[in-house]
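Quick note: numbers below take in every heavy atom, side chains included, and nothing from hydrogens, waters or symmetry partners. By convention in this document, chain letters (A, B, ...) are assigned in the order of the sequence lines, proteins followed by strands, and residues within each chain are numbered from 1. Just so you know, these numbers come straight off a predicted model, no measurement behind them.
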Amino acid sequence: MNANTDFRICPESGLKIHRPAEALIKANAVLAVVFLLVGGVLGLLVGLTRWPEVHLLPADAFYKVLTGHGINVLIFWIIFFEVAVLHFASAVLLNSRMATPKLGWASTGLMLVGALLNNYAVLVKGNSSVMMTSYVPLPADTLFYVGLILFAVGALIHCFIFLGTLVIARGERTYEGSLPLVSFGALVACIIAIFTIASGAVILIPTLAWNLGLISHVDPGVYRLIWWAFGHSSQQINVATHVSIWYLTAALLFGAKPLSEKVSRFAFFLYIAVLQIASAHHLLVDPGLSAEWKIFNTSYAMYLAVMASMVHGLTVPGSIEAAQRAHGLNSGFFEWLRKAPWGNPVFSAMFLSLVGFGVLGGITGVVMGTEQINLVIHNTMYVPGHFHGTVVVGTTLAFMGITYWLVPVLFRRDLILKGVARWQPYVFAAGMSGVALFLMGAGTLGVPRRHWDILFSSAGAGNGYEFSAAALTLMSLNGLSAVLAALGGAMYIGVVVGSILFGRKLAENEKVGTLMVRAAPPAEKYHNIGMGTITIPGTMVLVGVFFVAFALYYFINWKFLAETWGLS
Amino acid sequence: MQDDDKDQPFMQKVLDNHFLLLFIGLAVPTLTYIVWGVMELVSLPIANP
Ligand code: HEM
Ligand SMILES: [Cu+2]
């Protein structure tokens with residue numbers, strides 16, 4: 001193998017890119033976008049059906065489409081993209097060659113076959129409307145489980161290839177000292193992924209055996225316990241990945257360096273140690289599990305992980321503020337933020353993802369993860385409201401943002417429709433924030449999730465159920481937001497797919513022209529920034545506002561709880 | 001993993017030992033979430049209708 005022809009130098013970033021790794025990263029990213037398209041269309045259909053005035057689909061189609069929506073976006077879109085990020089953060093960012101690209105192709109092939117089989121069972125055969133959670137004893141088609149298992153095995157092999165690349169990079173000394181922070185974040189994602197996927201296999205393989213009649217039953221309580229080790233931990237892969245993307249974006253576009261590498265790394269370490277056990281928040285009202293188990297796994301330990309997220313939420317904008325000030329934007333509290341590149345979708349998507357994840361997803365997640373106040377909203381629309389804040393405004397938007405950077409760098413194409421790209425993060429964030437907020441509002445008023453007929457209108461006269469006008473209005477507002485979000489999603493897919501197919505080809509050493517990589521400000525510029533002794537006053541103000549909102553909202557929910565039983 | 005750097009702080013050594021991190025990331029949730037949880041579920045008495 002000729003080592004020199006296997007690599008090319010990126011004219012934008014100076015990174016040494018291993019071509020076989022690059023090809024594999026591209027393939028996984030493209031597959032991710034395809035499944036986002038499928039899942040997004042299904043999501044729009046879900047949103048339109050739960051819009052009371054529209055109520056688009058009949059009941060059986062609704063549950064079919066809802067199952068397909070959950071699996072395609074939450075599992076296939078996100079995990080294909082994460083595989084791409086893992087190899088990018090190892091082989092590319094470390095200037096290393098990738099371990100066994102051929103095995104990587106085989107794994108991606110397995111994942112693709114698995115995803116297709118699963119979709120075939122859900123959407124074509126139509127006998128697997130068991131929701132993404134596929135709780136036993138709901139029966140799905142055999143291919144449903146086979147598909148998920150093949151997908152999981154493929155993803156697991158990718159994790160081991162990633163670890164292999166790290167070993168190669170360290171052995172060949174392609175980096176000095178400790179693993180750089182972004183790659184370290186990817187390592188954290190990989191570690192969580194291994195636990196996640198192993199848990200998925202541990203529960204889905206017996207479920208397949210039960211489906212084939214080889215064993216008589218799978219205990220529903222144990223199923224739920226272990227399924228959520230998979231279902232929830234996979235969200236923590238997402239968090240570790242999108243936080244890494246935030247750091248990466250700050251470093252690329254601002255030349256920012258973490259306020260304290262040590263603190264950021266330690267925060268990532270807390271993710272490894274205590275984030276996954278928060279899976280227990282899905283079982284807070286399950287019988288059979290003790291309060292000690294529930295509270296230990298959700299509250300006491302999980303708060304350490306929440307703290308870690310808040311550390312990242314402070315240090316990412318803080319490092320951007322410090323870098324901007326060092327670049328000369330040092331006046332007032334917010335000049336650094338006002339003059340940030342808001343027209344560059346790489347930045348705007350990242351920043352909206354950060355704010356949206358913290359405010360919409362983070363605050364509400366802590367509320368829901370508290371055993372007592374979980375009761376107020378359990379199994380209501382509040383739950384999908386919350387996680388469209390985390391996994392859509394947070395993770396999906398972060399992935400969208402970095403795609404705008406990867407298209408020129410990896411695909412060597414200029415973006416088409418730059419004006420559309422510029423607006424896309426705002427449209428998508430606005431629509432999705434609406435979905436998150438209105439669903440949470442409706443859930444607080446008691447509207448159930450996964451429900452085709454909340455008014456029980458098909459139960460015959462006199463058997464209906466009344467919801468307040470406010471609850472129904474919130475569901476209609478959700479429908480409108482769903483349309484806006486779908487438009488934002490379509491803009492993303494249009495720009496990305498269009499650019500990859502029809503964008504102007506960039507010459508071997510051509511740069512894109514827009515700012516892609518900014519040099520770090522020299523160290524001495526960091527002296528004398530900020531106000532008095534505070535180097536990042538703007539971020540401090542933002543963090544203060546966040547904490548006040550957090551505390552208020554937390555206590556409001558305790559008040560809701562008190563009112564539920566008229567205790568006060 | 002710089003074994004030659006004996007004077008590195010303890011936490012730095014932990015963070016640089018990727019396979020130790022992998023072990024921690026698997027062991028903690030397996031014990032506190034899965035093993036503890038499964039033990040509670042299987043020790044529930046079976047109903048005899
Ligand atoms: C056009 C964009 C989207 C719209 C309009 C939308 C809308 C919705 C709505 C209204 C529900 C709740 C349905 C119910 O419980 O009855 C839902 C469920 C869900 N959504 Fe989305 N969504 C979108 C995109 C996404 C994305 C990008 C993700 C993940 C990355 C996602 C993940 C999920 C999941 C996991 C569920 C739960 C499914 C279940 O209960 O089994 N959605 N979506
Ligand atoms: Cu969860």
From the list B/Val28, B/Thr32, B/Ile24, the residue making the most non-hydrogen contacts under 4.5 Å with chain A is B/Thr32
Separation between CH2 (A/Trp293) and CG (B/Leu41), nearest 0.5 Å, reads 8.0 Å
Scored by heavy-atom pairs under 4.5 Å with chain B, the best of A/Ala229, A/Cys190, A/Ala198 is A/Ala229
Bottom line for A/Ser199: the part with an atom under 4.5 Å from chain B's heavy atoms is side chain
When rounded to the nearest 0.5 Å, the distance separating CG of B/Leu22 from CD1 of A/Ile272 is 8.5 Å
One should read off an interatomic distance between A/Thr298 OG1 and B/Tyr33 OH, to the nearest 0.5 angstrom, of 11.0 Å
So, the part of A/Val167 with a heavy atom under 4.5 Å from chain B: the answer is side chain
### Query
Taking everything shown except B/Phe23 itself, do over 12 heavy atoms lie less than 6.0 Å from its CZ?
no
The interface call for B/Leu21 against chain A, heavy-atom contacts under 4.5 Å, is both
Closest non-hydrogen atoms of A/Ile277 and B/Pro29, given as atom of the first, atom of the second and distance, are CG2-CA, 3.6 Å
Verdict with supporting geometry, B/Phe19 and A/Leu163, side-chain contact (heavy atoms from CB on, under 4.5 Å):
CA-CA 9 Å; B/Phe19 289 94; A/Leu163 291 176; 4.2 Å; yes
Of all heavy-atom pairs linking B/Gln12 and A/Ser178, the shortest is NE2-OG, 2.8 Å
Bottom line for A/Phe184: the part with an atom under 4.5 Å from chain B's heavy atoms is side chain
The reported gap from CD1 in B/Ile34 to CD1 in A/Ile203 (rounded to nearest 0.5 angstrom) is 9.0 Å
Turns out that what part of A/Ile192 lies under 4.5 Å from chain B's heavy atoms comes down to neither
Rounded to the nearest 0.5 Å, the OG1 atom of B/Thr30 sits from the CD atom of A/Gln276 at a distance of 8.0 Å
Between A/Arg170 and B/Asp16, the two heavy atoms sitting closest are NH2-O, 2.9 Å
To the nearest 0.5 Å, atom CH2 of B/Trp36 lies from atom CG of A/Leu289 at 10.0 Å
